[in-house]
Amino acid sequence: MAIFLTKESKILVQGMTGGEGMKHTRRMLAAGTDVVGGVNPRKAGQAVDFDDRVVPVFGSVREGMAATGADVTVVFVPPAFAKAAVIEAADAGIGLAVVITEGIPVHDSVAFHAYAATKGTRVIGPNCPGLITPGQSNAGIIPADITKPGRIGLVSKSGTLTYQLMYELRDIGFSTCVGIGGDPVVGTTHIDCLAAFQEDPDTELVVLIGEIGGDAEERAAAYVRDHVTKPVVAYIAGFTAPEGRTMGHAGAIVSGSSGTAQAKKMALEAAGVRVGGTPTETARLVLTRWESERVAAQE
């Protein structure tokens, strides 16, 4: 099992014929992802040879879906065209749109998230690494060779920390890893992923990675307290960040005590979540909890 993405997922790549789209489509294919087409109105009818697979290019998402049965799109288009790309995908009825593009204006993100919601399209991102179900499918830019299939679910604002925790916990492995992005406005949230992992029978423990700024982690803590019965371990990036300064991600700004790493840590711990002080310590907490769960299951 997995959440949002499985080996049955059929993927279109909007922007596949661009430099980044080509590079990461090749990597997705190498990971076993079923990439069934690209989308570029100016190159419709052409095809791209990715060594052992030739991928057709369609003029629109709707055309690609009709020809291939695609149910996921990965968006690599430039920021100025991202809003139109997501709206096009939602209009076509795609189930999942993974928006890798960074630098999208916030008002564009607000608009396409709201529109996609009316069409029943789940959006992951923008400014995210995408998601991977190891051994099954990889939609985005997450390296596929740093972990293996397993029973940990991971949801993260940070791409880099996603990769680090995947690597440090590679001996256990992951059901699905979701990079939701760190912009002020994102589609799929920590809570959405927590709810899905709670329902997934093959996810036994969840790792949550947050960062300073906003209140997403505090809201996730409340959700864990009220709805999640599986163990959750967390890490919050930004304990040493100076107050009032934007740090890295567009959403990572702290004002007073609101949005600080310490405030988030306190909220999560009050909900029964163990919080690591560093990524490596977080991995150790996961391993300790994992081993204790195995012992308890045998008694």
Side-chain angles (χ1 to χ4, degrees), residues 3-4 113 122 124-125 127-128 131 151-162 164-166 168-169 174-200 203-241 243 246-290 292-293:
I3 69 168
F4 307 150
H113 284 313
R122 174 180 295 281
I124 294 177
N127 187 17
C128 77
L131 70 162
R151 304 179 77 84
I152 300 175
L154 188 150
V155 52
S156 173
K157 279 186 176 181
S158 165
T160 303
L161 292 174
T162 297
Q164 182 171 351
L165 267 296
M166 286 173 62
E168 293 210 25
L169 295 169
F174 291 82
S175 53
T176 302
C177 304
V178 186
I180 61 174
D183 277 6
V185 178
V186 296
T188 298
T189 65
H190 285 118
I191 291 174
D192 294 327
C193 293
L194 287 165
F197 284 131
Q198 173 67 19
E199 294 301 316
D200 177 29
T203 297
E204 296 184 12
L205 183 150
V206 180
V207 178
L208 183 153
I209 301 175
E211 65 185 11
I212 59 171
D215 67 347
E217 293 79 6
E218 287 88 345
R219 286 184 281 113
Y223 187 86
V224 170
R225 181 192 64 219
D226 295 337
H227 301 287
V228 178
T229 60
K230 297 177 180 181
V232 180
V233 177
Y235 173 69
I236 305 297
F239 274 98
T240 61
E243 180 182 323
T246 300
M247 302 291 290
H249 282 164
I253 186 167
V254 174
S255 177
S257 62
S258 176
T260 64
Q262 186 61 37
K264 295 175 185 296
K265 180 175 187 282
M266 291 174 62
L268 286 161
E269 289 182 336
V273 177
R274 297 292 304 277
V275 181
T278 66
T280 298
E281 182 186 345
T282 304
R284 286 199 297 266
L285 289 173
V286 172
L287 289 168
T288 299
R289 185 60 186 267
W290 182 263
S292 67
E293 293 288 323

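Start at 1 with the first residue, then count along the sequence. Quick caveat: nothing in here was measured; it's all calculated off a predicted structure.
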For E218, is there an ion pair with K264 - N to carboxylate O distance below 4.0 angstrom? yes
List the atom of [X], the atom of [Y], and the distance in Å for their closest heavy-atom pair.
X	Y	answer
H113	G125	CE1-O, 3.3 Å
L161	A237	CD1-CB, 3.8 Å
K157	G213	NZ-O, 3.8 Å
Y223	I191	CD1-CG2, 3.6 Å
I124	I180	CG2-CA, 4.4 Å
C128	G179	CB-O, 3.2 Å

Distance-only, no hydrogens or angles: does the [X] side chain make a donor-acceptor pair with backbone N or O of [Y] under 3.5 Å?
X	Y	result
S175	I152	yes
K265	V275	no
T176	I3	yes
H190	I209	yes
E217	E211	yes

[X] vs [Y] side-chain heavy atoms within contact, under 4.5 Å:
X	Y	result
D192	R122	yes
Q164	T160	no
V273	L208	no
F4	T188	yes
K230	T203	yes

Give the intermediate values and the outcome of side chain to side chain contact (heavy atoms under 4.5 Å, CB included) for residues E281 and Y235. CA-CA 9 Å; E281 182 186 345; Y235 173 69; over 6 Å; no
Yes or no on side chain to side chain contact (heavy atoms under 4.5 Å, CB included) for L268 and I236, after CA distance, side-chain angles and deciding distance? CA-CA 10 Å; L268 286 161; I236 305 297; 3.8 Å; yes
Derivation of the side chain to side chain contact (heavy atoms under 4.5 Å, CB included) call for L169 and V207: CA-CA 10 Å; L169 295 169; V207 178; 4.3 Å; yes
How long is the span from the [atom1] atom in [X] to the [atom2] atom in [Y], to the nearest 0.5 Å?
X	Y	atom1	atom2	answer
T162	F174	OG1	CZ	9.0 Å
L194	R219	CG	CZ	11.5 Å
L285	T280	CG	OG1	11.0 Å

Quick one: do V228 and V206 satisfy side chain to side chain contact (heavy atoms under 4.5 Å, CB included)? Show the steps, please. CA-CA 10 Å; V228 178; V206 180; 5.6 Å; no
Is the number of heavy atoms from other residues, nucleotides or ligands under 6.0 Å of R151 CZ greater than 12? yes
